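Below is one structure, written out as structure tokens; comments come after it.
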Amino acid sequence: MQLFTKKRISTIVEGTYVDAVVELAGNSGASGFTIYEGFRGKGRHGMKKSRGGVGDLSGNVEVVVIASPEVADRILRGLQEMMDRGIRLVVHVADVQVIRDHHFS
Amino acid sequence: MQLFTKKRISTIVEGTYVDAVVELAGNSGASGFTIYEGFRGKGRHGMKKSRGGVGDLSGNVEVVVIASPEVADRILRGLQEMMDRGIRLVVHVADVQVIRDHHFS
Amino acid sequence: MQLFTKKRISTIVEGTYVDAVVELAGNSGASGFTIYEGFRGKGRHGMKKSRGGVGDLSGNVEVVVIASPEVADRILRGLQEMMDRGIRLVVHVADVQVIRDHHFS
Amino acid sequence: MADMFEVALANLTSPVILFFGLGVLIALAKAKVEFPSSISEFITIYLLIAIGFKGGVSIAEAGLTADMALVVLGAVLLCAVIPVYSFIILWRIGKLKTDDAAAIAGHYGSISVVTFLAGTAFLSLMAVNYEGFMYGLPAIMELPGIVAVLILVSWIKEKNRSDSTQARSTLGRTVRKVVLSKSVVLLLGGLLVGYIAGPRGMAGVEIFFQGIFLGILCLFMLEMGTIAGDRLADLRKTGWFLVLFGIVMPPVNALWGLAVGVMTDLSVGGTALLAVLAASCSYIVAPAAMRLALPKANPALYLGVSVGVTLPFNLLVGIPLYYYLADYLIGILR
Amino acid sequence: MADMFEVALANLTSPVILFFGLGVLIALAKAKVEFPSSISEFITIYLLIAIGFKGGVSIAEAGLTADMALVVLGAVLLCAVIPVYSFIILWRIGKLKTDDAAAIAGHYGSISVVTFLAGTAFLSLMAVNYEGFMYGLPAIMELPGIVAVLILVSWIKEKNRSDSTQARSTLGRTVRKVVLSKSVVLLLGGLLVGYIAGPRGMAGVEIFFQGIFLGILCLFMLEMGTIAGDRLADLRKTGWFLVLFGIVMPPVNALWGLAVGVMTDLSVGGTALLAVLAASCSYIVAPAAMRLALPKANPALYLGVSVGVTLPFNLLVGIPLYYYLADYLIGILR
Amino acid sequence: MADMFEVALANLTSPVILFFGLGVLIALAKAKVEFPSSISEFITIYLLIAIGFKGGVSIAEAGLTADMALVVLGAVLLCAVIPVYSFIILWRIGKLKTDDAAAIAGHYGSISVVTFLAGTAFLSLMAVNYEGFMYGLPAIMELPGIVAVLILVSWIKEKNRSDSTQARSTLGRTVRKVVLSKSVVLLLGGLLVGYIAGPRGMAGVEIFFQGIFLGILCLFMLEMGTIAGDRLADLRKTGWFLVLFGIVMPPVNALWGLAVGVMTDLSVGGTALLAVLAASCSYIVAPAAMRLALPKANPALYLGVSVGVTLPFNLLVGIPLYYYLADYLIGILR
Ligand SMILES: Nc1ncnc2c1ncn2[C@@H]1O[C@H](COP(=O)(O)O)[C@@H](O)[C@H]1O
Ligand SMILES: Nc1ncnc2c1ncn2[C@@H]1O[C@H](COP(=O)(O)O)[C@@H](O)[C@H]1O
Ligand SMILES: Nc1ncnc2c1ncn2[C@@H]1O[C@H](COP(=O)(O)O)[C@@H](O)[C@H]1O
Ligand code: NA
Ligand code: NA
Ligand code: NA
């Protein structure tokens, strides 16, 4: 089977800024995104609960975008800028392969 | 530590067809699967909510299967066929490594 | 953009032992972790529901840790030991890249 | 006899309808008010069990009668007839693709529990009584229309190509899916429990299954409103023919309900409810069944017209209209 | 004195039990009716707080007495005794592995809140009164049986090998886990709040904590039924000995409850409830504790027999039986 | 006139406050009692709609009056004034960074619905009446304080640097976010529905929106307690100045509420509620708005003081105190 190489960018972000990340992905040329909400975690800023509760002030949300390497690069640069503006992001990228090249571009 | 290379196939699919994907994985020889439900996203077919609500008509579900390259290949072919039948799937594959070879075969 | 290579370890574990896995990650030097709960699956031990319900006796939980290869290795050894003690784990590792090296070490 | 204007006003100022309207407004304003999906699921479960249970207790009080069987028969028949002519209209006049026409027709053959509940809320606001076993009808009327349209499709496809065996196996799987679906199982299950437990059983759970029922329905209506509001955007894609179809068909379909009600000697309230059921258009069971059986049909079409047009029409205009017609007809004929 | 047949029938036709049965049927039919896990969690929280609160208010009304202390003492003792002989039976006669035998024994030493609630629902259906402080017992009876069995195991393992220090640290962690578990914290917390707030505090929240209680319990029972139905499949793996054990032990264990009730001068209702608690088998707290303390014990065994056999047995047969016995014994002895 | 001690005791032994205290204890004991987030979300939705709806029905009963407009005006003004002097105190005396000072000030200018509800629960416990339209105030008082502080900040920054256009666009987005936020939309939407539906509409939904209201509030308070308990740990980071600020400001801010209440001829209950609103500190709407508008402000500071200090202070001490003052002042002045 022929497969096409893409990048999968995962960004963990506070609920407040999800829209900004999604907008960035769209403007960078991504064809879509997936948003995960039901999780909690710990990092540099202590324990975080999942989003939605009454204690949800800046709960964790994960945005996953699968895109071509060029688009991915644009997104990563944008994320870098957001971090510079003081917004907390936890980002990781992985190589993945997809069946339909055109679906993701 | 000795690690064994496997494929991790993620398939995002409408709730209606989850059973079909899971069946395909089983028939192809996969030892198991994991189903994620609490997420939403956007792709070629517009915004989709997560599964379960009253607005849930064909909400997003993700099926993840970790399997040997051969099994993965059979699954991918099956997914390709489903797409040809008009079922909407968003698939991506990644190389992963596992500790126990036998657990996944 | 300069990116740094890390390991992403995913461990699917019964709710009862989440604390043990998280503790292991911390002791091994990981800077954080993310815990996913809203999923179900099947493996060697039959169908498992997601955590939280009344039927939740040993429901599925996933712990994801992103760490340097050295830390990852320590974590994997610890997980191996837990398996030897009879605790059921489903582990897979993938190579990922991150923007900020220091955030994960 | 009822005064048409007063009836319409009572409907429009009832909390159930007002919360629906609020939901539509919220969706149009793009405000971020969303029910967690687990809550919607639970409210659905509650509503289904509660109406099943209440129906069962009512039947236990009134006893099973031959009249009921007649009403059930009539209800099943009308459900099987509606999608046939709907399909022909959509296919021949509307020029829709076979699969799209069939999927939409199936929705009109099935029923909407929410519309039914709004009907019962309206009747209790008007202090109009109806037969307790009416609560049992929704469960029975979910399926026949869906089966009818799938048989129709498999029959048309059989003539054209040779994938008829696949169509038949799909029919089987779809029927199984509907019969074992949450809606049908909980409605019938609640009915059974209510029937066995009877009025004595009702005593301890009355506040839960009856006292807070209307309030919970209000919250549910709020959410249905936001969903309907979201669906309004789909209407641009569906085209004007479908919008018209979604407004004209409900009153037409309601006539069957009125006819069966009059012929089987139902009360005014019962006849009105049967008309509401006939006029209503499924938005839970049918979409799931159609997605499985007809994957090539476009969901934006059948959901757009069902939730975006017919649901609001029935809630705002249809329910008082059907009640008024039932009251008028029975006033004349009996 | 109570008529055995009438008592059994009243139990079997109560909504609480009927919904449980419906749940079992739904599971066996493999219909897709599942409660979202957050809903089950919330219903659990509600039920625990509500019984705690009601108990606290009752105690505030009646005042704390020395009799209560006696009942509590008896309850703790019976919880510690049950797992000891259960373990020996399972280990020696049933030939189960040490860990499996211990894990199962621990479940019978702990209690099931659902069974307790079904007992209270049954008594209120029969219009039988009982001491308000009975609501406080479940919280106290969760732990002792689990501790007893873990001490037993650590003692046996100490003789064999030398991993006794590990066993002891596990015991400590497990005790901490149970004491701070949701069940115990909410039951005792609710009790405390209810005790301080008293009848005056109850006034404003009566509809919520009392009026809708039984209805919510019905929904919960529906879900418990589906879980029990799912567990029935495990029974094939457990073997006939365990199935028999799961049916014979509850009435045997109930005798301790009857004995303590009679000796401490409890009312018929209170004695019956104590017997229900003694006969009941844990399915939330004990499994979690055992999974932590005895990872090598097979969950299919202890969950299969607890949820698949003993829970349904107690609900369908046990509760009316224990009540009948309490009524009979106290009729004779007092 | 009210006896201060009796009033304080009634407050501290009410279920609403006791459940809050229980939550704090649970958090401090690190017990694992957590509400699923979908449940908290739903309870929030329920509480907001219920108070909106009740307020709307009350206004429909009493009719819209010019007096109300006066109260609304006073309420908006006090919300705009509070954050100005709060900001100056925090910035000049407390030496906090501009962004941190502004974010905290904004929280005190906005209001806490939970504190308001605890106030109404307290008044109904004391059998004190108040104007029905008070239920409409929370929705109106969420926003002005936030807007005021953001204008202040953009004005200060304009003087320093030149990122003022960005500050203004942020202001617009933030205002839009608050106006369309769940809190405001549901409060106002419920008010509107209640106003149109009127007492006739209330009849069918009274048990749901009124009967179980206090009980649901109790569960919510339990959760708020655990959150406040968790936040206590943040106080070490905030420093003593902020802790003091969190205790001293509420009574100071309450004075504005008392003043407006007295001047607009509100009843004792209404005046007390206005003081409670003025004294309360936002923990849902303001944090979200501030996070968006001032990303560099530290959430641990504004959440720590709002949820960890001022919320418990108001619940335990503030509410009875403001009521006592309202009662006393109006007793003297009228
Ligand atoms: N090393 C890590 N591995 C996995 N997840 C992480 C890691 N660091 C942070 N996260 C996730 O990112 C969220 C925000 O991280 P932080 O802003 O560093 O507190 C955490 O709550 C975790 O869910
Ligand atoms: N490029 C993408 N990156 C990440 N997720 C995607 C992407 N495209 C689609 N998805 C996910 O797949 C679902 C279905 O996609 P589609 O059928 O294209 O609408 C979406 O709702 C997203 O959750
Ligand atoms: N081959 C697999 N692919 C994906 N997920 C798996 C696989 N095997 C096991 N899992 C996940 O791990 C959980 C526990 O597996 P097990 O202990 O083997 O029953 C399952 O419920 C699945 O969620
Ligand atoms: Na219909
Ligand atoms: Na027991
Ligand atoms: Na304020």
Side-chain angles (χ1 to χ4, degrees), chain A residues 1-13 15 18-19 21-40 49-53 56 59-69 71-72 75 92-105, chain B residues 5-14 21 24 28 34-53 59-67 69-84 86-97:
Chain A
M1 268 199 92
Q2 205 201 338
L3 294 173
F4 303 86
T5 299
K6 303 281 165 201
K7 295 283 179 186
R8 177 188 185 277
I9 305 179
S10 150
T11 308
I12 295 184
V13 57
V18 170
D19 291 347
V21 173
V22 160
E23 217 172 275
L24 167 66
N27 292 342
S28 306
S31 66
F33 55 82
T34 302
I35 295 176
Y36 299 83
E37 293 202 341
F39 65 94
R40 56 206 163 90
K49 294 194 182 172
S50 72
R51 207 193 180 190
D56 169 33
N60 269 336
V61 177
E62 183 174 7
V63 181
V64 170
V65 180
I66 296 173
S68 66
V71 169
I75 295 174
H92 75 263
V93 192
D95 290 316
V96 298
Q97 296 179 291
V98 302
I99 304 185
R100 293 171 303 167
D101 195 23
H102 61 275
H103 190 279
F104 298 90
S105 52
Chain B
T5 300
K6 303 282 164 199
K7 296 283 179 186
R8 179 189 184 275
I9 305 180
S10 150
T11 307
I12 295 184
V13 57
E14 297 179 19
V21 173
L24 168 65
S28 306
T34 302
I35 296 177
Y36 298 84
E37 294 202 339
F39 66 94
R40 57 206 164 90
K42 196 181 148 185
R44 296 267 167 244
H45 305 100
M47 281 302 299
K48 289 229 173 139
K49 295 193 182 170
S50 73
R51 206 192 182 190
N60 269 337
V61 178
E62 182 175 7
V63 182
V64 169
V65 180
I66 296 174
E70 303 78 52
V71 170
D73 201 64
R74 278 201 288 280
I75 296 174
L76 287 174
R77 277 174 211 288
L79 293 174
Q80 175 77 66
E81 267 170 43
M82 286 176 70
M83 289 191 213
D84 296 344
I87 298 175
R88 299 160 178 182
L89 302 174
V90 172
V91 180
H92 75 263
V93 193
D95 290 318
V96 298
Q97 294 179 291

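Order of the sequence lines sets the chain letters (A, B, ...), proteins ahead of strands, with each chain counted from 1. From a predicted model like this one, the values you see are computed outputs, not experimental measurements.
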>> Before you tell me yes or no, could you show the steps for A/D95 and A/K7 under side chain to side chain contact (heavy atoms under 4.5 Å, CB included), namely the whole-Å CA-CA distance, both residues' side-chain angles and the distance that decides it to 0.1 Å?
In response: CA-CA 5 Å; A/D95 290 316; A/K7 295 283 179 186; 2.7 Å; yes
> Is A/K6 close to A/S68 at the side-chain level, that is, under 4.5 Å between some pair of heavy atoms?
Replying inline: yes
> Going through the checks in order, is the side chain to side chain contact (heavy atoms under 4.5 Å, CB included) test met by A/V61 and A/V21?
Replying inline: CA-CA 11 Å; A/V61 177; A/V21 173; over 6 Å; no
>> Closer than 3.5 angstrom, by distance alone: can the side chain of B/R88 be matched with the main-chain N or O of B/E14 as a donor-acceptor pair?
In response: no
> What part of B/I12 is in contact with chain A, defined as an atom under 4.5 angstrom from a non-hydrogen atom: side chain, backbone, both or neither?
Replying inline: side chain
>> I'd like to verify something: which residue of A/V64, A/I35, A/T34 has the highest number of heavy-atom pairs under 4.5 Å with chain B?
In response: A/I35
> Where on A/F104 is there a heavy atom nearer than 4.5 Å to chain B: the side chain, the backbone, both, or neither?
Replying inline: both
